[in-house]
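Chain A is the first sequence line, chain B the second, and so forth, proteins listed ahead of strands; every chain is numbered from 1.
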Amino acid sequence: PFKRYVEIGRVALVNYGKDYGKLVVIVDVVDQNRALVDAPDTVRSQMNFKRLTLTDIKIDINRVPKKKTLIDAMEKADVKNKWENSSWGRKLIVQKRRASLNDFDRFKLMLAKIKVSRSFIYFSILHHFHAMFS
Amino acid sequence: MAAKRKTPVKTRNPDLIRGVGKYSRSKMYHKRGLWAIKAKHGGVFPRHDPKPKAPVDPEKAPKFYPAEDVKKPLLNKRKPKPTKLRASITPGTVLILLAGRFMGKRVVFLKQLTSGLLLVTGPFKINGVPLRRVNQSYVIATSTKVDISGVNVEKFDDKYFAKEVEKKKKKGEGEFFEAEKEDKKTLPDEKKEDQKAVDASLIKSIEGVVDLKAYLAARFSLKSGMKPHELVF
């Protein structure tokens, strides 16, 4: 029933607090509720499990590795690309892009959507006609 | 008072601490050369008597004064500061008008007038907004900018937009009904020419950007699901 386990090397997404949206690696477990967590651009710190959402990605490290070892292990497992190509990661990127749209960008987006739907309607009417007479 | 010094006096008595000078009174007397001034004037300090004033007529009591003493209002020397322009509003910014006849229209900002109001234009051909003054508080500044270098806005100021003073007409009996339907106030041709001049180069630079013309022609409105505090303008 469970597929993603809390283990050393599990990559997790922070879902609450100052580091919201960042990917971190669990490098040790403090107690039943907290984990020691580390990332290439943050200081190693403890976090409650409730602030983390586990991902499918796991890297191969020992307990509490040095920063350099951690970074090398993340490179080897290609965490960044795996995340950005996963459907979850892609969705987050799209959300960020949509939130940062300018008023002008939103207008251009509306025009593009109308264009796509119009060409689809045209295509489907054409198809329908063809089906009626053949 | 004798002739005034051109530079302010630098004290010859430096402070040891606040309130205590380095030199005593007698030393300072010597340093300032008061002995030399005294010697020059034969052992006495020079006296400067006040000049005799010209005779002034005594003030007559006014013809009328109120029975009770009237309080004078306190003096107010306050000068209001010039209106601060938001950092996001620069010449050429596209603004969204939030109130008034042109509510929701997207409009190009030209310059801030001395009264603090913003001078703004549609351009008129694109969305029907003429050269107009608008208050900063009723405007959302977007991050879209239009190239405004070809436009000359020097001649526009608050006086340009002042209402024309109407001559008072004396109401005659028979003229009552005719006076009601005065001819509609048409814009003087000069203002129409000004509008065209300002808009000419603006429209050129707007057409240089894809979709910008249609963007300015459309009105802004909040749709379902749009949260203004989360929108990036």
Side-chain angles (χ1 to χ4, degrees), chain A residues 12-24 39 41-42 47-48 50-55 80-81 83-126, chain B residues 86-98 102-109 120 122-123 126-127 129 134 138-148 202-203 205-233:
Chain A
L13 187 69
V14 179
N15 61 25
Y16 180 91
K18 194 163 66 84
D19 298 317
Y20 181 84
K22 289 213 187 117
L23 279 182
V24 289
D41 54 348
T42 54
M47 258 195 199
N48 194 314
K50 294 186 178 179
R51 289 198 177 196
L52 301 172
T53 333
L54 305 178
T55 67
K80 194 162 184 293
N81 283 331
W83 176 246
E84 282 171 8
N85 295 331
S86 71
S87 63
W88 184 0
R90 275 185 284 133
K91 269 189 263 178
L92 284 192
I93 290 174
V94 168
Q95 274 176 24
K96 271 205 195 100
R97 179 78 185 100
R98 284 206 186 129
S100 70
L101 281 183
N102 197 345
D103 189 45
F104 189 25
D105 292 336
R106 265 175 266 133
F107 182 78
K108 286 191 274 193
L109 182 70
M110 174 193 63
L111 293 183
K113 281 190 184 171
I114 291 173
K115 198 168 175 191
V116 166
S117 68
R118 257 158 120 228
S119 67
F120 176 74
I121 289 168
Y122 177 73
F123 176 76
S124 60
I125 289 175
L126 199 68
Chain B
R86 265 185 272 161
S88 53
I89 302 181
T90 62
T93 312
V94 173
L95 308 173
I96 301 177
L97 300 180
L98 294 174
F102 299 106
M103 180 159 48
K105 292 267 192 203
R106 296 168 172 125
V107 124
V108 177
F109 168 69
V120 126
I126 296 184
N127 53 19
V129 179
V134 134
Y138 297 94
V139 138
I140 294 181
T142 65
S143 47
T144 319
K145 314 266 183 219
V146 172
D147 182 21
I148 213 176
L202 253 187
I203 292 185
S205 50
I206 288 172
E207 286 176 346
V209 183
V210 189
D211 289 336
L212 190 57
K213 195 157 175 225
Y215 173 63
L216 290 176
R219 283 208 203 220
F220 170 83
S221 72
L222 277 180
K223 313 277 195 325
S224 181
M226 285 171 113
K227 299 175 194 160
H229 69 293
E230 284 181 5
L231 287 181
V232 169
F233 283 101

Whatever's closer than 4.5 Å to a heavy atom in chain A on B:Val210 counts as backbone
Honestly, the part of B:Leu212 sitting under 4.5 Å from a heavy atom of chain A is both
Would the number of heavy atoms belonging to other residues, nucleotides or ligands and lying under 6.0 Å from [atom1] of [X] be above 12?
X	atom1	value
A:Lys80	NZ	no
A:Lys108	NZ	yes
B:Met103	CE	no
B:Arg219	CZ	yes

Note, [X] side chain near [Y] side chain (heavy atom, < 4.5 Å):
X	Y	value
A:Leu111	B:Asp211	yes
B:Val232	A:Leu101	no
B:Thr144	A:Asp103	no

- Task: Report yes or no: is the cationic atom of A:Arg106 (NZ for Lys, CZ for Arg) closer than 6.0 Å to the six-membered ring centre of B:Tyr215, at no more than 45° off its axis?
- Result: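 Verdict for B:Tyr215: no cation-pi partner in A:Arg106.
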Nearest non-hydrogen partners of B:Ala218 and A:Phe107, listed with the distance: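 Closest approach of B:Ala218 to A:Phe107: CB-CE1, 3.7 Å.
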Next on the checklist: Working note: A:Phe104 + B:Thr142, criterion side-chain contact (heavy atoms from CB on, under 4.5 Å); need CA distance, chi angles, decisive distance, verdict.
Outcome noted: CA-CA 8 Å; A:Phe104 189 25; B:Thr142 65; over 6 Å; no
